[in-house]
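Down below is the structure, laid out as structure tokens.
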Number of protein chains: 2
Amino acid sequence: MTQTLRDPLSKRRLKAWLRLLNVTRQSENHLREFLRVNHATTLPRFDVMAALWRRREGLTMSELSRALLVSNGNATAVVDRLEREGLVLRTPVEKDRRTVQATLTEAGIRQFESMAAAHENEVNTLFHRLDAEDLDQLRAILQKAVAEPE
Amino acid sequence: MTQTLRDPLSKRRLKAWLRLLNVTRQSENHLREFLRVNHATTLPRFDVMAALWRRREGLTMSELSRALLVSNGNATAVVDRLEREGLVLRTPVEKDRRTVQATLTEAGIRQFESMAAAHENEVNTLFHRLDAEDLDQLRAILQKAVAEPE
DNA sequence: CCTCATAATTTCAAGTTTAAAACTTTAATG
DNA sequence: CATTAAAGTTTTAAACTTGAAATTATGAGG
């Protein structure tokens with residue numbers, strides 16, 4: 001209360017950001033450990049496979065890096081490794097020979113689906129204290145935070 | 001509405017987590033770019049310096065890695081580079097010769113303080129759409145999310 | 001057809017990050 | 001005192017990540 005008065009909004013936004021970062025890192029660390037121990041994989045691999053699973057027709061490398069908010073060099077490296085293991089396939093696009101379509105192979109689909117439910121369950125456990133109202137509020141706040149125009 | 005009925009809480013938690021991750025990564029990317037362009041430094045360096053600036057008496061390497069939620073090997077590497085540049089100092093601790101106290105040097109303090117206000121301002125801009133009520137709600141939700149006991 | 005700006009991807013070097021192993025020191029226990 | 005378990009740190013290898021440069025392809029305008 002008095003805190004609200006002493007503390008300018010700017011400092012409160014900074015603190016909120018630090019808290020957000022903290023919760024996100026804790027959760028990421030937990031899920032990384034979960035994927036490593038239970039499914040012998042890593043977070044970036046899982047993220048790439050999840051993105052490709054959602055769009056079964058595939059994604060170009062640029063679409064992939066934009067979707068995951070990582071650099072294109074990064075996407076190349078992770079897809080390289082997944083391709084080497086036969087989980088992802090690069091297909092040249094006839095219409096535009098600059099681009100490549102990355103898709104999950106059959107093995108990739110099988111592997112991802114064998115992890116997806118357990119992963120969702122782990123996230124569910126991780127955030128089990130948040131009820132429907134919390135989730136609604138959180139969504140509203142996060143959407144507001146990244147809204148485009150002013 | 002019907003969505004709420006069709007969608008079990010588990011799926012909503014998963015979506016909330018993906019949104020949280022997305023907002024955090026967007027913000028991290030923005031701040032990384034900001035630090036690179038305006039202050040010729042990186043996010044991990046900034047994080048380490050911020051942690052050491054808060055506790056002027058210094059932190060052991062373990063305390064540092066726990067505070068930043070990174071591995072101890074990671075802390076070692078970042079501190080190594082900062083030490084090489086004269087921004088951080090490692091001091092052996094007499095009481096326990098296993099531990100090292102990492103502190104900011106004078107130059108480190110000067111450099112951090114020259115960045116801190118601009119960084120806070122950037123975060124303030126980034127989250128300017130969130131008002132006091134949003135920040136309160138967000139804090140409550142994040143605290144609830146990571147609460148210890150059941 | 002040629003040129004040039006742009007786009008998609010990869011390559012590259014440097015830095016970041018993790019998990020596990022190695023090393024040193026401490027503390028406890030017999 | 002010797003042994004052993006635990007704690008703090010560093011080292012190591014592999015993976016991840018970025019930003020910039022290089023490569024290849026497209027498309028527009030001369």
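Labels below follow one simple rule: chain letters A, B, ... track the order of the sequence lines, proteins then strands, and each chain is numbered from 1.
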Check your understanding: Can a side chain N or O of B:Arg81 be found less than 4.0 Å away from OP1 or OP2 on C:dG15?
Key -> no

Review point. Should A:Arg36 be listed as having a side-chain N or O under 4.0 Å from OP1 or OP2 of C:dT17?
Key: no

Point to revise | CZ (B:Arg56) with more than 12 external heavy atoms under 6.0 Å | key: yes

Point to revise | Atom pair distance, as rounded to whole Å: CG in A:Leu43 and C1' in D:dT17 | key: 14 Å

Check your understanding: Quick one: do B:Lys15 and A:Glu120 make a salt bridge, cutoff under 4.0 Å?
Key -> no

Exercise for review: For the pair A:Lys144 and B:Asp131, find out whether any cationic side-chain nitrogen is under 4.0 Å from an anionic carboxylate oxygen.
Suggested key: yes

Check your understanding: Between B:Phe34 and B:His119, is the gap from one ring center to the other below 6.0 Å?
Key -> no

Review point. So which one's nearest nucleotide on DNA chain C is more toward 5', B:Val70 or B:Glu94?
Key: B:Val70

Exercise for review: Mark up nucleotides 2-13 of chain C, 5' to 3', with B wherever a protein heavy atom is under 4.0 angstrom from a base atom, S wherever such an atom reaches only the sugar-phosphate, and - elsewhere.
Suggested key: -----BSBBB--

Review point. According to a strict under-4.0 Å criterion, is B:Thr42 in side-chain N/O contact with OP1 or OP2 of D:dT18?
Key: no

Review point. Under a single-linkage definition using a 4.5 Å side-chain heavy-atom cutoff for Ile, Leu, Val, Met, Phe, Trp and Tyr, are A:Leu89 and A:Leu64 assigned to the same hydrophobic cluster?
Key: no

Review point. Is B:Glu33 salt-bridged to B:Arg36, going by a charged N under 4.0 Å from an acidic O?
Key: yes

